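Step one of this worksheet: look at the structure below.
All values reported here derive from a predicted model rather than from experimental measurement. Proteins get letters first, then strands, A, B, ... in listed order; numbering begins at 1 in each.
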2 protein chains.
Amino acid sequence: MHKLSERSKRVLYAVVQSYINYPDPVGSRVVTKRYSFGLSPATIRNIMADLEDMGFLTQPHTSAGRIPTDLGYRFYVDSISTKGDVSSNVEVEILQGLYNRLQVLKNNIELLLSETTKSLSALSHYLGVAMSPAPDLTVFSKINLLKYQSDKVAVVLFTDDGRIKNKTLQVGPEISQKDLNRIAQYLNSEFSGLTFDEIRVRLFNEISKDKTRCDTLISRALNICREALYFTFNELFVSGLSEVLELPDFADLNKIRELSRAIEDKHMIIKLLDKLSETEGLKVIIGSENTITNLKDISLIVSPCKEGDRQVGIVGLIGPTRMNYAKAMYIVENTARFITKMLTEK
Amino acid sequence: MHKLSERSKRVLYAVVQSYINYPDPVGSRVVTKRYSFGLSPATIRNIMADLEDMGFLTQPHTSAGRIPTDLGYRFYVDSISTKGDVSSNVEVEILQGLYNRLQVLKNNIELLLSETTKSLSALSHYLGVAMSPAPDLTVFSKINLLKYQSDKVAVVLFTDDGRIKNKTLQVGPEISQKDLNRIAQYLNSEFSGLTFDEIRVRLFNEISKDKTRCDTLISRALNICREALYFTFNELFVSGLSEVLELPDFADLNKIRELSRAIEDKHMIIKLLDKLSETEGLKVIIGSENTITNLKDISLIVSPCKEGDRQVGIVGLIGPTRMNYAKAMYIVENTARFITKMLTEK
DNA sequence: TATTAGCACTTAAAGGTTGAGAGTGCTAAC
DNA sequence: GTTAGCACTCTCAACCTTTAAGTGCTAATA
C-alpha cells in the first residue's frame with residue numbers, strides 16, 4: 001500500500017510514541033527535541049505534512065501539533081508487535097503474583113475470569129474484560145436433576161471445561177426423582193460430548209417429531225430437557241471503570257456516558273468478543289476498526305485462554321485509542337498465557 | 001427539638017420541593033411566585049433566614065438563593081412519608097408490568113434481584129441496588145456432593161429461601177461417591193434449619209474437638225464440610241450508572257469518580273445495606289446521615305423483600321441528595337411490596 | 001537538490017474586564 | 001407583623017486581549 005521511507009517511519013513512530021506518553025498534540029519541535037533525528041524542525045514539518053497527506057496523522061486545529069489517526073496507531077502497533085520490545089522485570093513479577101493468586105480459583109473458571117479482569121485493570125489502568133465461551137464452543141458433560149420442595153427441580157449442569165451451572169424448574173408434583181433420574185440419564189447418554197448449539201438443534205428436531213406423536217408424557221419430559229439445558233454461557237466480566245476515569249482521555253462527560261452505557265449494555269461487547277473468539281493469539285482492534293459497536297476512540301486488546309486445546313475464555317483490555325499499546329499488549333498476552341499454562345498443566 | 005411554626009414548615013417544604021424540581025438555588029421571589037403564600041418576598045426572606053439559622057437551609061454564596069441541607073431534606077422526607085401524596089396511575093401500571101415480567105424469575109431470587117435493579121433504575125433514573133441476605137439471615141436447607149472428573153466434587157447447596165449455590169472442590173481420588181453421600185447426609189441431618197452463621201460456629205467447635213482426637217479420616221471429612229459450606233451469600237447487584245450520569249447533579253467529574261469507585265468496591269455498600277437489613281419497612285438515608293461510607297451528597301432509599309416472614313433480599317435506590325424522594329420512595333416501596341407479594345402468594 | 005532559517009499567519013487557551021441579573025439584608029414606613 | 005425600597009454582594013456570561021505554540025511558505029544555504 002503506502003510506501004514509507006525509513007525516515008518517515010521513524011518520525012511516525014516517534015510521534016505516536018510521544019503522544020501516547022504525553023497527551024498533547026506533537027509538534028515538529030518536540031520531535032526534534034525528544035528524539036534525535038539530526039534534522040531541523042522545518043524538515044520534520046515537511047515529513048509530518050506528508051504523513052498527514054497519507055492519513056497517518058491529523059491536526060486537531062491549524063496551529064496545533066499532530067496526533068495519530070487510527071491508521072497511525074495501527075502502524076505503531078504492527079511495528080511493536082513484531083519487535084516485542086517492552087518487558088520490565090517488575091511486571092513479570094506482578095504477573096507472577098497474579099498467577100499465584102489465581103491458582104486457588106482454577107476450579108472455577110467464571111470466578112477466575114472475573115478476578116482476572118480486576119488484575120488486568122489494576123495492572124494497566126484500563127478496563128479489564130473477560131468472557132466465558134459461547135454455546136457453540138461449550139461442550140455438554142453431565143446433568144443432574146434434583147427434586148426439592150415437592151414441586152421444584154434443581155438442574156445442575158456440568159460443562160466439559162469445568163463450569164457448573166444451576167437453575168430451578170417448576171414441575172408438577174407428580175414427577176418423581178426416579179423420573180428425573182431417567183431423564184437425566186437420557187440426556188447424559190444422548191448429548192454428552194456435544195456442544196450446546198448442536199444439542200439445541202437435536203432437541204428441536206426431537207420436539208418437532210414429538211408434535212406428530214402427541215404423547216404428553218414424553219412431550220413433558222422433552223420440555224423439561226429443553227428448559228434444563230437452556231443457560232446463558234458467554235458471561236461477560238468487566239472491571240476498572242474507576243481506573244479508566246482517571247485518564248485524561250475520559251475527561252469529557254459524554255465519553256464517560258458512552259462508555260458506561262456500553263458497559264451496562266454488555267450485549268454489544270459480547271457480540272464483539274464473540275466474533276474475536278474465533279481468532280488465535282493476541283488481537284488488537286483500534287478505534288474505527290471495530291465495526292460492531294459504535295464506541296468512538298476506543299481500542300480493544302484481547303487474547304484467548306485455553307485449557308489444552310479447548311478455549312475456556314477470552315481476556316483483554318479496553319482503553320482509549322491513545323493507549324499504551326506496548327504495555328497493554330504485554331499484559332494481555334502474558335495474562336492469557338499464564339491462565340492457559342495454569343489450566344493446562346494442572 | 002426545633003419548633004417550627006406552621007408557616008415556616010410550609011415555606012421549608014416549598015423550598016425543598018422547588019429545588020428538587022429545578023436544580024437552582026431557591027430565592028424568595030421564586031417561592032412567592034411558584035407557591036401562593038399571600039406574603040411578599042421580603043417576609044419570605046425573613047422566614048428563610050430563620051430556617052437557615054436553624055440549619056434547614058444554606059446558601060451556596062451570598063447572593064444566591066437557598067438550598068436544603070441534609071436536615072432540610074430530612075424534614076421534607078418525614079412530611080411526605082406521613083402524607084404519602086404522590087401516586088400516578090401511570091407508575092402503578094409500570095410497576096404492574098415489572099410484576100409480570102419478574103413472575104418468570106420467581107424461582108431464582110438472585111436473578112430476580114438483579115433484574116429488579118434494572119427496573120428500579122429505569123423507572124427512577126437513579127441507581128438501582130439489591131442484595132441477597134447475609135449468612136446470619138440465610139438458612140441451610142440441603143447439600144448435595146457430586147463426584148466428577150475423578151478428583152473433583154461439585155457442591156450444590158440449597159438454602160431455605162430457594163437459592164442454589166455451587167462450587168467445585170478438589171479432593172483426593174480415594175474419596176468415593178458413597179463417602180460423599182455419607183458426608184452430605186451428616187450435614188443435612190445436623191445442620192438443616194440453621195443459619196450459616198450458626199453452622200460456622202458449630203463446625204468450628206467440631207473441628208477444635210477433632211484436633212485433640214487426631215483422626216485423619218474424620219478431619220478430612222470435616223475439612224470438606226467446612227469448605228463445602230463456605231459461600232458468599234450477600235450478593236450485591238447494581239444497575240443504572242448511565243442513567244445517573246444524565247443527572248445535572250453528576251456533572252462533576254470528581255463526583256462520578258467517587259460514585260464509580262463506590263460501585264466497584266461493593267464492600268462498603270454491602271456493609272451499609274447489611275446494617276439496614278435489620279430494620280423493617282422503607283428506610284431513607286440522606287447524605288451525611290450515612291456514617292458508614294464516605295459518599296458525599298448521596299441518598300439511599302431501601303426496603304426489604306420478604307417471602308412470608310423470611311427476608312429474602314433488600315432493594316433500593318441510590319441517588320443524589322437532591323432527589324425526587326416522593327417518587328423514589330414510592331417506587332422502592334411498591335417494588336419491594338410487589339416482590340414480597342409475588343413470592344409469598346405463589 | 002535536500003535542508004534549513006526566517007517570518008507571517010492561525011488558533012486555542014488563559015486572564016482580565018465589564019455589565020446584567022438575581023438575591024440578599026437592612027431600614028423605615030405602613 | 002408586614003412590606004417597599006435600596007444599597008450591596010456575588011456569579012455568570014460575554015467580550016477583549018495577550019500569550020504561546022505550531023504551522024506553511026519562501027528564500028537562502030550547504
Side-chain angles (χ1 to χ4, degrees), chain A residues 3-12 14-16 18-19 21-69 72 248-249 251-252 322, chain B residues 3-12 14-16 18-19 21-69 72 248-249 251-253:
Chain A
K3 53 177 181 181
L4 281 169
S5 73
E6 202 51 45
R7 196 177 66 174
S8 302
K9 282 184 187 172
R10 281 182 55 219
V11 172
L12 177 52
V15 172
V16 180
S18 171
Y19 187 59
N21 291 332
Y22 194 68
D24 292 314
V26 184
S28 53
R29 239 180 72 87
V30 170
V31 173
T32 57
K33 282 241 162 167
R34 271 213 267 274
Y35 307 85
S36 45
F37 281 96
L39 292 172
S40 79
T43 312
I44 299 292
R45 266 206 290 286
N46 289 329
I47 299 170
M48 285 168 77
D50 292 345
L51 288 168
E52 180 164 5
D53 290 342
M54 288 188 269
F56 292 107
L57 297 177
T58 187
Q59 276 182 298
H61 56 86
T62 329
S63 77
R66 261 110 176 169
I67 62 174
T69 60
D249 309 78
D252 181 22
R322 191 195 73 83
Chain B
K3 52 178 184 182
L4 282 169
S5 73
E6 202 53 45
R7 195 175 67 173
S8 303
K9 283 185 187 172
R10 281 181 56 219
V11 172
L12 177 53
V15 171
V16 180
S18 171
Y19 187 59
N21 292 332
Y22 310 91
D24 294 315
V26 185
S28 53
R29 239 181 72 88
V30 171
V31 173
T32 58
K33 280 242 162 167
R34 271 212 267 274
Y35 307 85
S36 45
F37 281 96
L39 293 171
S40 77
T43 312
I44 299 292
R45 266 206 290 287
N46 289 329
I47 299 171
M48 283 167 78
D50 291 345
L51 288 169
E52 181 165 3
D53 290 341
M54 288 188 270
F56 293 107
L57 297 177
T58 186
Q59 276 182 297
H61 56 85
T62 330
S63 77
R66 261 112 176 168
I67 62 175
T69 60
D249 309 78
D252 180 22
L253 194 54

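Checking D:dT23, C:dT24, D:dG22 against every side-chain atom of A:M48, the shortest atom distance belongs to D:dT23. Residue B:L39 places its side chain closer to D:dT3 than to any other of D:dT3, C:dT11, D:dC10. For A:A42, the side-chain atoms get nearest to C:dT4 when compared with the rest of C:dT4, D:dT23, D:dT11. Listed nucleotides: D:dT23, D:dA21, C:dG23. Nearest to the side chain of A:S63: D:dA21.
As a whole-Å value, the separation of A:H61 NE2 from D:dA20 C1' is 11 Å. Rounded to a whole Å, the CD atom of A:E52 is 10 Å from the C1' atom of D:dT23. Whole-Å rounding puts the B:F37 CZ to D:dT2 P distance at 13 Å. Between B:I47 atom CD1 and C:dG25 atom C1' there is a gap of 15 Å when expressed in whole angstrom units. The nearest whole Å value for the distance from the CD1 atom in A:I44 to the C1' atom in D:dG24 is 16 Å. Residue A:I67 contributes atom CD1, which lies 14 Å from atom C1' of C:dA12 at whole-angstrom precision. Distance B:D50 CG to C:dG25 C1': 13 Å, rounded to the nearest Å. D:dG24 atom P lies 9 Å from atom CG of A:D53, rounded to whole Å.
Taking a 6.0 Å sphere around CZ of A:F37, one finds it holds more than 12 heavy atoms contributed by other residues, nucleotides or ligands.
Heavy-atom nearest nucleotides on DNA chain D were determined for B:T43 and for A:V30, and the one closer to the 5' end corresponds to B:T43.
Close to C:dG23, at under 4.0 Å from its OP1 or OP2, lies no side-chain N or O of B:T62. In terms of phosphate contacts, A:R7 brings a side-chain nitrogen or oxygen within less than 4.0 Å of OP1 or OP2 of C:dT3. Distances shown here put a side-chain N or O of B:R66 below 4.0 Å from the OP1 or OP2 atom of C:dT24. Considering only side-chain N and O atoms, A:S40 lies under 4.0 angstrom from the phosphate OP1 or OP2 of C:dT4.
Taking the side chain as every heavy atom from C-beta outward, B:V31 and B:I47 never approach each other to under 4.5 Å. Side-chain atoms of B:D24 and B:V30, non-hydrogen and from C-beta on, never get closer than 4.5 Å to each other. Residues A:L39 and A:R7 have side chains in contact (heavy-atom distance under 4.5 Å, counting atoms from C-beta outward).
If you check distances only, the side chain of A:R45 does reach the base of D:dG24 with a donor-acceptor pair under 3.5 Å.
Scanning all heavy atoms of the two residues, the minimum distance from A:R29 to A:P41 falls at CG-CG, 4.2 Å.
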